[in-house]
Amino acid sequence: LIPKNVVVTKMATVIGKNSYTISTIEHLLSAVYAYGIDNLKISVDDEEIPIMDGSSASFCMLLDEAGMYELQEGKTILRVKKPIEVKDGDKYVRLLPSSKLFFDFTIKFKHPIIGEQQRKFIFTRENYKKDIARARTFGFVHEIQYLRSKNLALGASLDNAIGLDTKKVLNADGLRFPDEFVRHKILDAIGDMSLLGYNFIGSYKAFASGHHLNHLLTKELLKDPQNYKIVDMEQSVSKEVSLQKAYATN
């Protein structure tokens, strides 16, 4: 899983090689990243990762049930050294040097339920499970109708996404958080940034960004080795301790 294997970034992140593609990888990878997992074999017998309920909560539950083994190798992380930014009109996403992993995301939609939402999130596994993992993907009725006309999103339903018409949320149970929309954008960003191949230390800030700009950001960061430093962490008692050590290291 590396940036050059990303082949599509419209509506989801899709990786591919030769004639094979796997779609909607971001929710699963977001959970894997949150758990600090470095080595994992994922077998897929179709062209898309299961959407589950549209969030990463189910993947977190499965990882909790499976458990993790500590390897004898030390943990390696990526530390952002220089400011990196990519833009598309007024949309942007940037990385800045930081002593911890921090997300600051703002979205703006011309919809009465969404409007403008901002959330700042200091990353830890527990914060992720509590504040981010349950946030579902969302879509508008007119978008779903268009995608289905192209034989896409055939499995989309209110069981695996927040649905919106022009005025309201269509799900009978409503929202899980008042700002569930921007929380899901952070969930997606974590999954997309996992394609760096490392847990990373840096400050991520975005306005109206999505999968495409996240992909361009990973490519821009890795383009010049002067932009980052690979840090070998000391072997610790557990992966969780190792990950926390990484995020506390300057």
Report whether [X] and [Y] are members of the same hydrophobic cluster (ILVMFWY, side-chain heavy atoms less than 4.5 Å apart, transitive linking).
X: Phe177; Y: Tyr128; result: no
X: Leu196; Y: Val14; result: no
X: Leu217; Y: Phe102; result: no
X: Val44; Y: Ile51; result: no
X: Ile230; Y: Leu222; result: yes

Is there a side-chain contact between [X] and [Y] in this structure, where contact means two heavy atoms from C-beta onward sitting under 4.5 Å apart?
X: Leu78; Y: Lys229; answer: no
X: Lys108; Y: Phe207; answer: yes
X: Lys100; Y: Ile201; answer: no
X: Ile132; Y: Leu187; answer: yes

Any ion pair linking [Y] and [X] (charged N to carboxylate O, less than 4.0 Å)?
X: Asp53; Y: Arg136; answer: no
X: Asp64; Y: Lys129; answer: yes
X: Lys223; Y: Glu220; answer: yes

Could you tell me whether a side-chain N or O of [X] sits under 3.5 Å from a main-chain N or O of [Y], the two making a donor and an acceptor?
X: Asp232; Y: Thr76; answer: no
X: Asp165; Y: Lys168; answer: yes
X: Thr218; Y: His215; answer: yes
X: Asp224; Y: Gln226; answer: yes
X: Arg79; Y: Gly202; answer: no
X: Asn127; Y: Ile122; answer: yes
X: Ser30; Y: Ile190; answer: no
X: Asn171; Y: Gly163; answer: yes
X: Asn227; Y: Leu221; answer: yes
X: Glu26; Y: Asp192; answer: no

- Would you check, one step at a time, whether the test side-chain contact (heavy atoms from CB on, under 4.5 Å) holds for Leu164 with Leu170? CA-CA 6 Å; Leu164 301 111; Leu170 300 176; 5.7 Å; no
- Check whether NZ of the Lys or CZ of the Arg Arg119 lies under 6.0 Å from the centre of the six-membered ring of Phe105 and within 45 degrees of that ring's axis. no
- Message: Is the terminal nitrogen or CZ of Arg125 (NZ for Lys, CZ for Arg) located under 6.0 angstrom from the six-membered ring centre of Tyr35 and within 45° of that ring's axis?
- Response: yes
Are side-chain N/O atoms of [X] and [Y] paired as donor and acceptor at under 3.5 Å?
X: His211; Y: Thr13; answer: yes
X: Tyr204; Y: Asn214; answer: yes
X: Ser23; Y: Glu47; answer: no

- Query: Going by the angle between their ring planes, with limits at 30° and 60°, are Phe103 and Phe123 parallel, tilted or perpendicular?
  - Reply: tilted
- So His184 and His27, would you call those rings parallel, tilted or perpendicular, with 30° and 60° as cut-offs? perpendicular
- Message: Under the criterion side-chain contact (heavy atoms from CB on, under 4.5 Å), I'd like the reasoning laid out for Asp38 against Lys75: C-alpha separation, chi angles, the key distance, then a yes or no.
- Response: CA-CA 8 Å; Asp38 299 297; Lys75 187 173 183 66; 3.0 Å; yes
Rounded distance [0.5 Å steps], [atom1] in [X] versus [atom2] in [Y]:
X: Leu175; Y: Ile113; atom1: CG; atom2: CD1; answer: 7.5 Å
X: Phe121; Y: Asp104; atom1: CZ; atom2: CG; answer: 12.5 Å
X: Thr137; Y: Glu180; atom1: OG1; atom2: CD; answer: 10.0 Å

- His111 NE2: over 12 foreign heavy atoms closer than 6.0 Å: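 Buried by this count: over 12 neighbours within 6.0 Å.
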- Task: Give a yes or no on this: more than 12 heavy atoms of other residues, nucleotides or ligands lie within 6.0 Å of atom NZ of Lys81.
- Result: yes
- Taking side chain to side chain contact (heavy atoms under 4.5 Å, CB included) as the test, write out the residues that go with Ala208, two or more places apart. Lys91
- Message: Can you list everything that forms a ring pair (Phe, Tyr, Trp, His ring centres under 6.0 Å) with Phe138? Sequence neighbours excluded, please.
- Response: Phe109, Phe181
